[in-house]
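Some notes on the structure that comes next.
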Amino acid sequence: MSMVKVTVNNRLYEIGCDDGEEEQVRRLSQILDGRVRELAALVGQVGEARLMLMTALTLADDLEQAQRDIAAMRQEVTAFQQEQKTTADGTEALVGLAKRLEDIAAKLEST
């Protein structure tokens with residue numbers, strides 16, 4: 001297990017993570033720090049716990065929206081697949097489109 005030092009809202013934290021995940025933890029903490037700073041600029045320093053909660057809620061909202069977007073894309077892929085089943089020429093286009101949409105969905109899920 002590795003320990004990573006990160007700074008969020010000008011406070012230093014030491015976080016444990018699996019070996020090899022150090023850079024991911026640093027990257028995620030930078031995203032969190034950016035969001036905390038954005039909220040602090042809007043509402044001020046309202047206390048660390050409250051600011052972190054507000055940030056977590058905005059990130060959860062982003063995640064929920066991304067999940068809705070992924071579900072909508074999957075429905076579009078399914079509808080497109082059903083349309084293309086009747087068209088022999090559409091097979092290659094379907095595979096290409098499905099691959100592109102799955103790549104986009106995978107990127108959104110990792111965000």
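Both backbone and side-chain heavy atoms feed into the values below; hydrogens, waters and symmetry mates do not.
Summarising the geometry, atom CG belonging to Asp69 is positioned 10.0 Å from atom CD belonging to Glu76; distances are rounded to the nearest 0.5 Å. Put simply, CG on Leu57 and CG on Leu53 are 4.5 Å apart, with the number rounded to the nearest 0.5 Å. How far CE of Met73 is from OG1 of Thr78: 13.0 Å, rounded to the nearest 0.5 Å. Rounding to the nearest 0.5 angstrom, the gap separating the CD atom in Glu102 from the CD1 atom in Ile70 is 11.5 Å.
With sequence neighbours left out, Thr7 forms a side chain to side chain contact (heavy atoms under 4.5 Å, CB included) with Leu12.
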Distance-only donor-acceptor hits, side chain of residues 32-47, under 3.5 Å, sequence neighbours excluded:
residue : atom : partner : partner atom : Å
Asp33   : OD1  : Asn9    : N            : 2.7
Asp33   : OD1  : Arg37   : NE           : 3.4
Asp33   : OD2  : Arg37   : NE           : 2.8
Arg35   : NH1  : Asp62   : OD2          : 2.9
Arg35   : NH2  : Asp62   : OD2          : 2.2
Arg37   : NH2  : Asn10   : OD1          : 3.2
Gln45   : OE1  : Asn9    : ND2          : 3.1
Gln45   : NE2  : Asn9    : OD1          : 3.1

Test salt bridge (charged side-chain N to carboxylate O under 4.0 Å, His left out) on Asp103 and Lys107 and set out the steps.
CA-CA 6 Å; Asp103 290 345; Lys107 287 179 186 175; over 6 Å; no

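With salt bridges taken as basic N to acidic carboxylate O contacts below 4.0 Å, one links Arg74 and Glu109. A salt bridge is absent between Glu23 and Arg27: the closest approach of a Lys/Arg side-chain nitrogen to an acidic carboxylate oxygen does not fall below 4.0 angstrom.
Grouping Ile, Leu, Val, Met, Phe, Trp and Tyr residues whose side-chain heavy atoms lie under 4.5 Å apart, directly or via other members, leaves Met1 alone, with no other cluster members.
Minimum interatomic distance between Val77 and Ala98 (heavy atoms only, all atoms of both residues): CG1-CB, 4.3 Å.
There is no path of hydrophobic side-chain contacts, each under 4.5 Å, that joins Ile31 to Val8. Leu51 is not connected to Leu28 by any chain of hydrophobic side-chain contacts under 4.5 Å among Ile, Leu, Val, Met, Phe, Trp and Tyr, and they are in different clusters.
In the model, Gln65 has no side-chain atom that pairs as donor or acceptor with a side-chain atom of Asp61 under 3.5 Å.
For the pair Cys17/Glu22, a side-chain contact is recorded, criterion being any heavy-atom separation below 4.5 Å from C-beta on.
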